[in-house]
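In what follows, a structure is listed as structure tokens, so that the remarks can point back to it.
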Amino acid sequence: VQLQAFGGGLVQAGGFLRLSCKASGFIFRLNTMNWYRQAPGKQRELVARITSGSKSNYADSVKGRFTISRDNVKNTMYLQMDSLKPEDTAIYYCNVKIYNENWGQGTLVTVSS
């Protein structure tokens, strides 16, 4: 299982970013995919989840601002992040559970006030 997250960067509050997670080594279309984040000094938390049938759910803190999606042809998951806030600053990780938890390398999102 390989997961490569990219698309992070520095953005001002109110701005937007789109994260991507390229997956390989497993049957992507059959698996629930997750975005997690970890802010400095805090525990890693689930941000959004999308099932194989493209049903999604979100952490309360990002509802209405973030949108998770997937492209089963490209084996890629996305996280569109709008109306970003300084508290969204974190390393964002893509994740899939296949026997074990599998993590990408993370991509840093920094939101300045």
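Values below: every heavy atom of this structure, side chains too, minus hydrogens, waters and symmetry copies.
Between atom CG of residue Leu108 and atom CD of residue Gln38 there is a gap of 12.0 Å, rounded to the nearest 0.5 Å. Note: Phe66 CZ to Ser61 OG = 7.5 Å, rounded to the nearest 0.5 Å.
Checked by atom type, the side-chain pair Asn34/Arg49 shows a donor-acceptor distance below 3.5 Å.
Counting heavy atoms from C-beta outward, Thr32 and Val96 have side chains that stay 4.5 Å or more apart. Side chains of Glu45 and Arg37 form a contact here, defined as non-hydrogen atoms less than 4.5 Å apart.
Counting heavy atoms of neighbouring residues, nucleotides and ligands inside a 6.0 Å radius, atom CD1 of Ile27 does not exceed 12 of them. Counted within 6.0 Å of CD on Gln2, heavy atoms from surrounding residues, nucleotides or ligands total 12 or fewer; the atom is thus considered open. Open room surrounds CD on Gln4; 12 or fewer heavy atoms of other groups in view lie less than 6.0 Å from it.
The cluster map of Ile, Leu, Val, Met, Phe, Trp and Tyr, joined by side-chain heavy atoms under 4.5 Å apart, puts Leu17 and Tyr58 in the same cluster. The hydrophobic cluster containing Leu46 also contains Ile91, counting ILVMFWY residues as joined when their side-chain heavy atoms lie under 4.5 angstrom apart, directly or transitively. Linking ILVMFWY residues whenever their side-chain heavy atoms come closer than 4.5 Å, directly or via other members, places Val47 and Val11 in the same cluster.
Without hydrogens or angle criteria, Ser113 side chain to Pro86 main chain gives no donor-acceptor distance under 3.5 Å. Side chain of Thr107 to backbone of Gly8: a donor-acceptor contact under 3.5 angstrom is found. Panel note: side chain Asn102, backbone Lys97; no donor-acceptor pair is recorded below 3.5 Å. Although no hydrogens or angles enter the test, the distance criterion places a donor-acceptor pair under 3.5 Å between the side chain of Thr76 and the main chain of Lys74.
Closest heavy-atom contact between Val62 and Asp88: CG1-OD1, 4.5 Å. Shortest non-hydrogen contact noted between Ala39 and Thr89 is CB-O, 3.6 Å.
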Open item on the list: Pair Leu19, Val109 - check side-chain contact (heavy atoms from CB on, under 4.5 Å), show working.
Closed with: CA-CA 9 Å; Leu19 305 184; Val109 172; 4.0 Å; yes
TODO: For Lys22 and Leu3, run side-chain contact (heavy atoms from CB on, under 4.5 Å): C-alpha distance rounded to whole Å, both residues' side-chain angles, the deciding distance at 0.1 Å, then the answer.
DONE: CA-CA 6 Å; Lys22 176 68 175 176; Leu3 301 168; over 6 Å; no
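Asp82 is linked by a side-chain hydrogen bond (donor to acceptor under 3.5 Å, both in side chains) to Gln80, counting only residues two or more places apart in sequence or in another chain.
In this structure, Arg70 is not positioned above the aromatic face of Tyr78 in the sense of NZ or CZ being under 6.0 Å from the six-membered ring centre and within 45° of the axis.
Applying the ring pair (Phe, Tyr, Trp, His ring centres under 6.0 Å) test to every pair with at least one member in residues 79-111, sequence neighbours left out, gives these pairs: Tyr36-Trp103.
Of the candidates Ile50, Leu79, Asn95, Trp35 forms a side chain to side chain contact (heavy atoms under 4.5 Å, CB included) with just one, namely Leu79.
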